[in-house]
Amino acid sequence: MIVFGAPRRYVQGPGVLGDIGKELGAIGKSAVFIADERVMKMCGETVRQSAEAEGVALTLMPFGGEVTYDEIARIVARIGDAPTDIVISAGGGKTIDTGKIVARDIGAHFVSVPTVASNDSPTSHIAVIYDDQHKLVGVEENRGNPELVLVDTDIIIKAPIELLSAGVGDALVKVFEVEQCIGAGGKNVFGAGSPLTALALARACYTTVRENLVGAYAAHAKGKPNAAFEALVEAAVLMSGLAFESGGLSVSHGMTRGLSAVPGVATALHGHQVAYGLLVQLELENRDPQFMADMREFYRAAKLPLKLSELGADQASNSTVQTIAELSAAAAHMKKFAREITANDIAEAIGRIEAA
Ligand SMILES: NC(=O)c1ccc[n+]([C@@H]2O[C@H](COP(=O)([O-])OP(=O)(O)OC[C@H]3O[C@@H](n4cnc5c(N)ncnc54)[C@H](O)[C@@H]3O)[C@@H](O)[C@H]2O)c1
Ligand SMILES: [Zn+2]
């Protein structure tokens, strides 16, 4: 059995936030808008005016900054019995994941408004939950994928390049992971087989990222979206999200288990962690030196980490490498690979990457 899941509607372009009211009006009459302080300042009033012009009552709800069970419960309690047809989350992955579970718990539709193209959370139905110490404590599911994903590239282009490069990292890895997952007969995020559609999207995601990176980064430097920037954002948000959820994950994401246990690396952006994870995966796939050299060149252009030190590790000591290798080897995603992977295989792959 194969399963493919996706948001009901995806809207992207410069200035589209100003018209969000029309989209919301087609979904319901009342909404809560969750955002942290920075994003609230950037978008809150625009969304309120646009929503109210279309007869949608909007309540602004500040987000505390971490996606925890307590934060979700706090927001659900603040909403209380107020009629709420729609929960909108604007920001990075943490705000978006929080909103998904708030929406589930109050029985509302969910709308995501990524204001950074930093990872693949805006289109998915899952949420990664942490404790106050940023330790991962669970993965929750919304009832379905978002009703709407709305991406205003005039806002995305204002986010720092590090966040965009994290999105590039998270998008780049997909084709390699989906191919491994399908090859190994692994399950996708819906617990089903991966449709070929997801593989096609993962391939398109990779070529779109490779072809548009330079033009998109040039646009970012000027602060004005161009066609390459639009393409890169579509790859990082839409294609990457659909590819991972329906296509399945493998070693690159499995590596985040070990990487996120290392001080310094733990706070590295998700997309940077999985980009390093891809280097490990490619070593485990025994890719030839020319392929690796080409990939390294792309990493440099994309501002992606090539070494543990660039991910924030103080030192790549044997014990650090051993910790990463042992924890990652135990991750479920590691099983979605052509052969069994041991901690030793991972440690050796890291050794080769660090020595390159
Ligand atoms: N559910 C999923 O499918 C999924 C997939 C991947 C990652 N995630 C989760 O996503 C989270 C990480 O997300 P993230 O990397 O986006 O970090 P994040 O959510 O912490 O957001 C990054 C920061 O960017 C700021 N920001 C947002 N828009 C901005 C803008 N336009 N300009 C300047 N700053 C802006 C925010 O204020 C925030 O401080 C993790 O919790 C991870 O588990 C979930
Ligand atoms: Zn990811």
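One-based numbering, in listed order, for ligands and for the atoms of each. For reference, positions follow the sequence shown, starting with 1.
For atom 39 (O) of ligand 1, the closest non-hydrogen atom of the protein is Arg38 NH1, 3.1 Å. The shortest contact between atom 27 (C) of ligand 1 and any protein heavy atom is with Thr115 OG1, 3.3 Å. Atom 14 (P) of ligand 1 has Asn119 ND2, 3.4 Å as its closest protein atom, hydrogens excluded (heavy atom only). For atom 37 (O) of ligand 1, the nearest protein heavy atom (residue, atom name, distance) is Asp36 OD2, 2.6 Å. Atom 6 (C) of ligand 1 has Asp120 OD1, 2.9 Å as its closest protein atom, hydrogens excluded (heavy atom only). At the top of the distance list for atom 29 (C) of ligand 1, counting protein heavy atoms only, stands Val116 CG1, 3.5 Å. Annotation: atom 17 (O) of ligand 1 to nearest protein heavy atom, Gly93 N, 4.2 Å.
For the pair Ile27 and Asp85, the minimum side-chain heavy-atom distance is 4.5 Å or more. The closest side-chain heavy-atom distance from Lys174 to His253 is below 4.5 Å. Between Leu238 and Gln12 the shortest side-chain heavy-atom distance does not fall below 4.5 Å. Between Leu278 and Tyr299, some side-chain heavy-atom pair lies under the 4.5 Å cut-off. Using a 4.5 Å cut-off on side-chain heavy atoms (C-beta onward), Glu23 and Glu54 make no contact. Proximity of Cys43 to Leu17: side-chain heavy atoms (C-beta onward) are separated by under 4.5 Å at one or more points.
Atoms of ligand 1 found under 4.0 Å from any heavy atom of Val39 (numbered from 1 in listed order, with element): 27 (C), 28 (N). Atoms of ligand 1 lying under 4.0 Å from at least one heavy atom of Ser124, given by number and element, are 1 (N), 2 (C), 3 (O). Close approach of ligand 1 to Leu269 (heavy-atom distance below 4.0 Å) involves ligand atoms 15 (O). For ligand 1, the atoms sitting less than 4.0 Å from at least one non-hydrogen atom of Ile155 are 31 (N), numbered in the order shown with element in parentheses. Applying the 4.0 Å criterion to heavy atoms of Phe244 picks out, from ligand 1, the atoms 3 (O). Here is the list of ligand 1 atoms found below 4.0 Å of a heavy atom in Gly92: 16 (O), 19 (O), 21 (O). Of all the atoms in ligand 1, the ones that sit under 4.0 Å from a non-hydrogen atom of Tyr130 are 40 (C), 41 (O), 42 (C), 43 (O). Those atoms of ligand 1 that come under 4.0 Å of a heavy atom in Pro160, given as number and element, are 33 (C).
The side chain to side chain donor-acceptor pair (under 3.5 Å) test applied to Thr153 returns Glu230, not counting sequence neighbours.
A cation-pi arrangement is found for Arg210 relative to Phe298, the charged atom lying closer than 6.0 Å to the ring centre and inside a 45° cone about the ring normal.
Heavy-atom neighbours of Glu45 CD from other residues, nucleotides or ligands within 6.0 Å: above the threshold of 12. Heavy-atom contacts from other residues, nucleotides or ligands closer than 6.0 Å to NZ of Lys303 number 12 or fewer. Annotation for Leu196: atom CG does not count as buried by contact number, only 12 or fewer foreign heavy atoms lying within 6.0 Å. Counting heavy-atom neighbours within 6.0 Å of Asp288 CG, excluding the residue itself, gives a total above 12.
Between the side chains of Asp70 and Thr68, no donor-acceptor pair is found at a separation under 3.5 Å. Checking Thr256 against Gln273 by side-chain atom types alone, no donor-acceptor pair falls below 3.5 Å.
Excluding waters, the set of protein N, O or S atoms lying under 2.8 Å from the Zn ion (ligand 2) comprises Asp170 OD1, Asp170 OD2, His253 NE2, His270 NE2.
Counting heavy atoms closer than 4.0 Å to ligand 1, residue Leu163 contributes side-chain atoms (C-beta onward) but none from N, CA, C or O. At a heavy-atom cutoff of 4.0 Å, ligand 1 is contacted by the side chain of Ser118 but not by its backbone.
Close N/O approach between Val128 and ligand 1 is not found [any backbone or side-chain N/O within under 3.5 Å]. Ligand 1 has a nitrogen or oxygen under 3.5 angstrom from a nitrogen or oxygen of Ile126. Ligand 1 has no nitrogen or oxygen under 3.5 angstrom from a nitrogen or oxygen of Ser121. For ligand 1, the polar-atom distance check against His270 finds no nitrogen or oxygen pair separated by under 3.5 Å.
With distances taken over non-hydrogen atoms, the option nearest atom 19 (O) of ligand 1 out of Gln273, His272, Lys94 is Lys94.
Side chain of Ser118 to backbone of Leu163: no donor-acceptor contact under 3.5 angstrom is found.
The aromatic ring centres of Phe190 and His125 sit less than 6.0 Å apart.
Within the 4.0 Å heavy-atom shell around ligand 1 one does not find Glu37. Ligand 1 lies out of reach of Glu245, whose nearest heavy atom is not under 4.0 Å from it.
None of Arg8, Arg9, Lys100 except one satisfies the salt bridge (Lys or Arg N to Asp or Glu O under 4.0 Å) rule with Glu147; the exception is Arg8.
A chain of hydrophobic side-chain contacts below 4.5 Å, direct or via other Ile, Leu, Val, Met, Phe, Trp or Tyr residues, connects Leu172 to Ile156.
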